[in-house]
There are 2 protein chains.
Amino acid sequence: MAPAQTHASADRRIEILKSAAAAFRRRGYHGASVDEIASALEMTKGNLYYYFRNKEEILYACHEYSLDVLLALLADVRAETSTPDHKLRRLILAFVHLLLDELQATALTIDLQALSPPLLRKIIARRDEFDRGLREIIQQGMDAGAFAPGNPKMVAFAVMGAVNWITKWYDPAGPMTSDAIGQAFADYLVGGLTRMSGSSVPPPAAR
Amino acid sequence: MAPAQTHASADRRIEILKSAAAAFRRRGYHGASVDEIASALEMTKGNLYYYFRNKEEILYACHEYSLDVLLALLADVRAETSTPDHKLRRLILAFVHLLLDELQATALTIDLQALSPPLLRKIIARRDEFDRGLREIIQQGMDAGAFAPGNPKMVAFAVMGAVNWITKWYDPAGPMTSDAIGQAFADYLVGGLTRMSGSSVPPPAAR
DNA sequence: CACAGCGTTGAACGAGCGTTCAACGCTGCG
DNA sequence: CGCAGCGTTGAACGCTCGTTCAACGCTGTG
């Protein structure tokens, strides 16, 4: 009946990850204490070690979880049969939504480099996978002439930066809902690439 | 003869700040040890306390220094008598250049929230000043019809995010020079806003 | 009722790190 | 030459925090 759980109460593990992600976002990996993560859940820090081997494994699991979610989204968008600009738009909208409403605004922002090399490599490999997917969409748009020509790698980095940076200023109590932010970002980041007609309008004045 | 120095060897202080900024970027504020900062300069950690009261003051000075540089740039650009799109373009180009070549790729990225409230407030006030300046330029462009209409606050956040994020992936030994990155980002981030004619072309297809 | 084992506790340990400080060498001035 | 003081040293202290672990309660099963 209950959903598949590899070992001990997977739900509890996820609660811990959410608390940890929030703490890591606020204070950074080294700044957040294990005790702080536990207290927020009204458990003792010793108890965390029943679910995770150590603090690093918690960080690793946070990144894994975020990447699971984001790569699933990417696969979803890729499978669509629509134009690159629709794909990019949907990707940004959903990314912002996931980031703010599901991932404790934390996804790819927290200290990757705190991980030891073997774990680090695994995370980087998957993050690169996401990057490549994003670049592919942008490249397709450029090839089709729907997007202004440019370096898709740089554009992808710019998009990722703009979106991930939201973490730094977003205030759930602020005037902008996560939806409104997503719309505004998609408008700017996709609209800015899109050339009016289906054909070749020259790139903007600036050289 | 020597340039103005408030107290003890200002040059030495700046060397320390550079080392600290680099360490903070790699490991984060809490992850970087005072000893690590000192060792990189072949000094002992005790000696750092001759120049700074404590670790927090070093972090504070890093932010102050970065903001000095960036606000000077902003004032410079503001004083120009050119169109908003030229201003924005120049701001981005120079920001990228400063960030990568002068500020150890560290500017606004390092744990602000590690600062105690009084210091934090001072930094945030100046960062907001920069934000306001950026928004103002964007607003002017929208008012003049040179930029597509939108929420200038969101656009400003997106630009700041894209640029500051460079820190996370930039590799001085990589294929892209800081200049090339600046060009690519300015093309995308400004070009994306710019509407073709001087007048009112409707915003892109997507709603 | 007895037993098993999962989830939990809280105390204790040990390492790392920020910070302090008394003492030292070096440089330049009187 | 002797003195003053700046810049530097390195050892020591104390606190925080990650991690360990033996012991405990609770729940459900035989």
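A, B, ... follow the sequence lines: proteins, then strands. Residue 1 opens every chain. Here the structure is a predicted model, which means the values were calculated and not measured.
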Y51(B) and I58(B): side-chain contact (heavy atoms from CB on, under 4.5 Å), yes or no, with the steps?
CA-CA 9 Å; Y51(B) 295 93; I58(B) 298 180; over 6 Å; no
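Classification of R27(B) and E36(B) as a salt-bridged pair holds, one side-chain N sitting under 4.0 Å from a carboxylate O.
Distance M43(A) CE to dT9(C) P: 8 Å, rounded to the nearest Å. Between the C1' atom of dC17(C) and the CZ atom of R27(B) lies a distance of 13 Å, rounded to the nearest Å. We find that CD of E57(B) is positioned 10 Å from P of dT19(C), with the value rounded to whole Å. Atom CD1 in I37(B) sits about 12 Å away from atom P in dC17(C), given to the nearest Å. Taking atom CG of residue N47(B) and atom C1' of nucleotide dC24(C), one finds them 13 Å apart after rounding to whole Å. Atom OH of Y51(B) and atom P of dC6(D) are 12 Å apart (whole Å). Atom P of nucleotide dT8(D) and atom CZ of F52(B) are separated by 13 Å, given to the nearest angstrom.
Interatomic distance, E57(A) CD to C62(A) SG, rounded to the nearest 0.5 Å: 11.0 Å.
For W169(B) and F157(A), the distance between ring centers is under 6.0 angstrom. Ring pair Y60(B)/F52(B): centre-to-centre distance not below 6.0 Å.
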Could you list the protein-to-nucleotides 14-20 of chain D atom pairs, N/O on both sides, closer than 3.5 Å?
residue	atom	partner	partner atom	Å
dG18(D)	OP1	A32(A)	O	3.3
dG18(D)	OP1	K55(A)	NZ	2.8
dG18(D)	OP2	V34(A)	N	2.7
dG18(D)	N7	K45(A)	NZ	3.1
dT19(D)	OP2	Y49(A)	OH	2.8
dT19(D)	OP2	K55(A)	N	2.8
dT19(D)	O4	K45(A)	NZ	3.3

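For the segment residues 111-122 of chain B, no residue has any heavy atom less than 4.0 angstrom from an atom of DNA chain C.
The only member of R12(A), R13(A), K18(A) that meets salt bridge (Lys or Arg N to Asp or Glu O under 4.0 Å) when paired with E15(A) is R12(A).
When atom types are taken as modelled, the side chain of S19(A) and the backbone of I16(A) share no donor-acceptor pair closer than 3.5 angstrom. H63(A) contributes a side-chain N or O that, together with a main-chain N or O of I110(A), makes up a donor-acceptor pair within less than 3.5 Å.
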